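Below is one structure, written out as structure tokens; comments come after it.
Proteins get letters first, then strands, A, B, ... in listed order; numbering begins at 1 in each. Because the structure is a prediction, the values reported are computed rather than measured.
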There are 2 protein chains.
Amino acid sequence: MTDVTAAPAGLQHDLGWTLGVVFRAYLKSATAVTVGLPGGHRGYQVLAAAARSAPASQSALAQQLGIDRTVMTYLLDDLERTELVERRPAPTDRRTRHVVATTRGRGLLDDLAARLAQAEAHVLAGLPDSDQQTFKALLQRLAGYANDLDPVSDACAIVQDINAATSP
Amino acid sequence: MTDVTAAPAGLQHDLGWTLGVVFRAYLKSATAVTVGLPGGHRGYQVLAAAARSAPASQSALAQQLGIDRTVMTYLLDDLERTELVERRPAPTDRRTRHVVATTRGRGLLDDLAARLAQAEAHVLAGLPDSDQQTFKALLQRLAGYANDLDPVSDACAIVQDINAATSP
DNA sequence: TATTGTTATACTCTATAACTATA
DNA sequence: TATAGTTATAGAGTATAACAATA
């Protein structure tokens, strides 16, 4: 009895399934490669963003990363405790905190980036190099567009469909 | 103060970030489009797989869909309660159950598939049509390959890196 | 002995609500 | 009044462990 997972019938072309498979594969590798780093692969994303520029605010960063601002608080607590990142009061608005990488954080970033690149390569390894480039380019364009997408509008009728047939 | 989310500095080319953005966007749209369906977008995946062929077993289907076999039990309970899917004892092995779509489930599938296609189109709308095709084709090849991927092997050194700098 | 499916439990992750301090 | 950040709490989702039935 082999353990090899084939695509379920009828789902090979489903965006949800294909995206899910690839995303989970990435998560698995990214997690394996960031053990010990507070926040795992997301701790890396915060650190990377904080190292290249000081994000405008915690909640702005949270939104960019697709997580809740309350989760960001805990994440930053952990990253600050390990001295990889600092919260700095914004000079212009005393409510806001800038997130900046410490020297230590920046020092760790290169190694981390290399590890994540390894995870990335691992996930993309099924494609020849030129196709990897194409895929990444398209995905990046999509991400730039999709981050501010509202869910599709029309979304009410199915409840009736199901309940209608359930009763008698 | 605009609400438009730009890519965080240094993450525009990160596979984890781009994949996450697109996957979350899909999830949002797919969820909106499947309200009322037990299990939401995953209920659809089970139903679709059950309608085209009877999956060999619950746990095989769970693995294909990237969820735990215990979660599959609850999912099928809900889908069976709404009479969209049935569990049938496998003739060859009395431990195993085949998952088959009911007439009602198959009847609902076309409408559901159209809704999911709408969600999919919404997420991909940022790309011209030919690029959408290219992207989907590459993603499908990747998914066929990545579903059986083990996490990247080397994954131990970072704990030391961090603890080393934390202690003294 | 190993595997399928189920159940109960525990754990993790995430979101909600309420609060402080600013604006 | 509205917003940034924090905290506590509740909730959803997921995994773990133990079990019965079967192989």
Side-chain angles (χ1 to χ4, degrees), chain A residues 1-5 16 20 23-24 27-28 30-31 34-35 37-43 45-46 50 54-81 85-100 151, chain B residues 1-5 16 20 23-24 27-28 30-31 34-35 37-43 45-46 50 54-81 85-100 151:
Chain A
M1 190 151 284
T2 48
D3 204 26
V4 174
T5 311
F23 189 58
R24 282 190 296 272
L27 241 44
K28 209 174 14 168
T31 302
T34 52
V35 274
L37 177 70
H41 78 283
R42 257 180 348 194
Q45 291 183 352
V46 170
S57 71
Q58 296 184 191
S59 39
L61 183 57
Q63 194 185 359
Q64 289 167 345
L65 263 37
I67 64 182
D68 196 85
R69 66 186 179 132
T70 64
V71 176
M72 181 58 72
T73 297
Y74 307 131
L75 233 179
L76 289 176
D77 285 349
D78 295 342
L79 288 168
E80 217 169 24
R81 203 170 298 127
V85 142
E86 272 181 11
R87 285 183 250 227
R88 295 243 187 94
T92 57
D93 185 335
R94 284 198 294 179
R95 295 172 301 181
T96 318
R97 309 293 174 97
H98 290 165
V99 183
V100 304
Chain B
M1 191 151 282
T2 49
D3 204 22
V4 174
T5 311
F23 189 57
R24 282 190 297 271
L27 240 44
K28 206 169 25 161
T31 301
T34 52
V35 274
L37 177 71
H41 77 284
R42 253 171 1 184
Q45 291 182 353
V46 170
S57 71
Q58 296 185 190
S59 38
L61 182 57
Q63 194 185 358
Q64 289 167 346
L65 263 36
I67 64 183
D68 197 85
R69 67 187 177 132
T70 64
V71 176
M72 181 58 73
T73 297
Y74 307 131
L75 232 179
L76 289 176
D77 285 350
D78 295 342
L79 288 169
E80 217 169 24
R81 203 169 299 127
V85 143
E86 272 182 13
R87 285 183 251 230
R88 296 243 187 94
T92 57
D93 185 336
R94 283 198 295 178
R95 295 172 299 180
T96 320
R97 310 291 174 97
H98 290 165
V99 182
V100 304

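- Nucleotide D/dG13 holds its P atom 16 Å from the CZ atom of A/Arg24, rounded to whole Å.
- Of the residues in residues 69-78 of chain B, those lying under 4.0 Å from DNA chain C by heavy-atom distance are B/Arg69, B/Thr70, B/Thr73, B/Tyr74.
- To the nearest angstrom, P of D/dT3 lies 13 Å from CD of A/Gln63.
- From A/His98, atom NE2 reaches atom CG of A/Asp93 across 8.5 Å, with rounding to the nearest 0.5 Å.
- Rounded to an integer number of Å, the gap from CD of A/Gln58 to P of D/dT3 is 17 Å.
- In this structure the side chain of B/Ile67 reaches within 4.5 angstrom of the side chain of B/Leu75, judged on heavy atoms.
- At D/dT6, one or more side-chain N or O atoms of A/Arg87 fall inside 4.0 Å of OP1 or OP2 (strictly under the cut-off).
- Distances shown here put a side-chain N or O of B/Ser59 below 4.0 Å from the OP1 or OP2 atom of C/dG5.
- Under the salt bridge (Lys or Arg N to Asp or Glu O under 4.0 Å) criterion, B/Arg69 pairs with no residue at all, not counting sequence neighbours.
- Looking only at side-chain heavy atoms (C-beta outward), A/Gln45 and A/Gln64 stay at 4.5 Å or farther from each other.
- Taking all atoms of both residues into account, the shortest heavy-atom contact from B/Leu27 to B/Thr31 is O-OG1, 2.6 Å.
- When rounded to the nearest whole Å, the span between CZ of B/Arg97 and C1' of C/dT3 equals 14 Å.
- Annotation: salt bridge (Lys or Arg N to Asp or Glu O under 4.0 Å) contacts of B/Arg97 (sequence neighbours excluded): none.
- Two end axes, each from the C1' atoms of five base pairs, can be drawn for the helix from C/dT1-D/dA23 to C/dA23-D/dT1; they diverge by 0°, to 10 degrees.
- The closest side-chain heavy-atom distance from B/Leu65 to B/Met72 is below 4.5 Å.
- Contact record, B/Ala50 with B/Val85: CB-CG2, 4.1 Å, taken as the closest heavy-atom pair.
- Atom C1' of nucleotide C/dT4 and atom CZ of B/Arg88 are separated by 19 Å, given to the nearest angstrom.
- One interatomic measurement links the two molecules: CG of A/Asp68 to P of D/dT9, which rounds to 18 Å at whole-angstrom precision.
- Between atom OG1 of residue A/Thr73 and atom CZ of residue A/Arg87 there is a gap of 6.5 Å, rounded to the nearest 0.5 Å.
- Here A/Ser57 pairs with A/Ser59, A/Ala60, A/Thr96 under the side chain to side chain contact (heavy atoms under 4.5 Å, CB included) rule; sequence neighbours left out.
- The separation between A/Ile67 atom CD1 and D/dA4 atom P is 15 Å, rounded to whole Å.
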Report, one pair per line, the protein and nucleotides 20-23 of chain D atoms (nitrogen or oxygen only) whose separation is under 3.5 Å.
residue: D/dA23; atom: OP1; partner: B/Arg94; partner atom: N; Å: 2.9

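- The nearest whole Å value for the distance from the NE2 atom in B/His41 to the P atom in D/dG13 is 10 Å.
- Taking the side chain as every heavy atom from C-beta outward, B/Pro38 and B/Glu80 never approach each other to under 4.5 Å.
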